[in-house]
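Down below is the structure, laid out as structure tokens.
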Amino acid sequence: MLRVVVCVSGGGTNLQAIIDGVKEGSITGAELVGVISNNPGVKSLERAANAGIPAFVVRPKDFAVRDDFHKAFMDKLAELKPDLIVLAGFLVRIPEEMCKVYPGKIINIHPSLIPSFCGVGYYGLKVHEKALERGVKITGATVHFVNEGMDEGPIIDQIPVRVLEGDTPEVLQRRVMEEAEWKLLPKAIDDIANGRLVMENGRAVRKA
Ligand code: GAR
């Protein structure tokens with residue numbers, strides 16, 4: 001069983017899609033061993049509790065310097081012994097050393113078609129605000145392996161989503177989640193858990 005730790009910051013709809021995938025059998029060979037949130041009191045923690053998954057809060061504010069937060073976060077991860085770390089709406093920049101400690105073992109879901117609308121300052125609803133400002137007609141979501149860069153890791157898969165007349169950032173965010181994110185992330189986990197997908201030489205490689 002692949003030991004999966006999910007890192008979250010807020011609502012946790014992607015976490016829920018993963019929980020449901022494991023429960024309903026669209027994700028096999030994976031076990032959710034922990035959820036780490038950087039925010040207390042968020043819906044994600046409730047979702048973890050309802051599913052009986054151990055959940056932890058490691059909050060930057062509780063530490064005098066960033067390095068101490070990073071250490072506490074890395075220690076919590078190490079305790080959980082993950083085979084795969086899923087950034088599912090984790091809106092905090094991860095410690096640099098994390099990619100060295102867990103090479104090819106971290107994936108992220110991003111709510112745009114990378115390389116559009118990604119990198120520093122592009123997270124959560126902001127991504128959709130920028131997409132609407134720019135007037136794109138197609139957006140979507142990307143699941144990718146995580147490397148040292150910001151949203152620069154090898155792309156695993158993408159699903160395009162049409163922008164519709166009158167969309168607000170909230171409406172577009174929901175459509176991107178429903179049509180793209182909640183499909184891409186569980187599928188990537190299932191593929192990794194079943195040996196169909198790995199990161200090799202800086203690329204996402206599919207195995208027959
Ligand atoms: C999702 O749209 C996810 O793609 C995005 O945050 C949202 C979290 O929603 N992540 C990023 O922007 C990462 N750069 P959720 O808490 O309901 O899953």
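Both ligands and their constituent atoms are indexed starting at 1 by order of listing. Sequential numbering from 1 along the given sequence is applied to the chain's residues.
Compare Q16, E181, M177, H110 by their heavy atoms: the one nearest to atom 14 (N) of ligand 1 is in H110.
Of all atoms in ligand 1, listed by their number and element, those nearer than 4.0 Å to a heavy atom of G89 are 6 (O), 8 (C), 10 (N). Remark: ligand 1 atoms within the under-4.0 Å shell around heavy atoms of N14 are 1 (C), 18 (O).
One finds a salt bridge joining R59 and D62 here, because a Lys/Arg side-chain nitrogen approaches an Asp/Glu carboxylate oxygen to under 4.0 Å.
Of the N or O atoms in G12, one or more lie within a sub-3.5 Å distance of an N or O in ligand 1. Considering backbone and side-chain N/O of T13, one or more are found under 3.5 Å from N/O of ligand 1.
With a heavy-atom cut-off of 4.0 Å, L91 touches ligand 1 through its side chain alone.
Counting protein heavy atoms only, atom 12 (O) of ligand 1 is closest to G124 N, 2.8 Å.
Relative to the ring axis of F56, K76 places its NZ or CZ within 45° and under 6.0 Å from the centre.
In this structure, V8 falls outside the shell of residues with a heavy atom less than 4.0 angstrom from ligand 1.
Put simply, the residue from K43, Q173, R47, E178 that forms a side-chain contact (heavy atoms from CB on, under 4.5 Å) with T13 is R47.
Put simply, NZ on K130 and NZ on K126 are 7.5 Å apart, with the number rounded to the nearest 0.5 Å. Residue I192 holds its CD1 atom at 13.0 Å from NZ of K207, rounded to the nearest 0.5 Å.
Residues satisfying the ring-ring contact (aromatic ring centres under 6.0 Å, His included) test with F90, not counting sequence neighbours, are F73.
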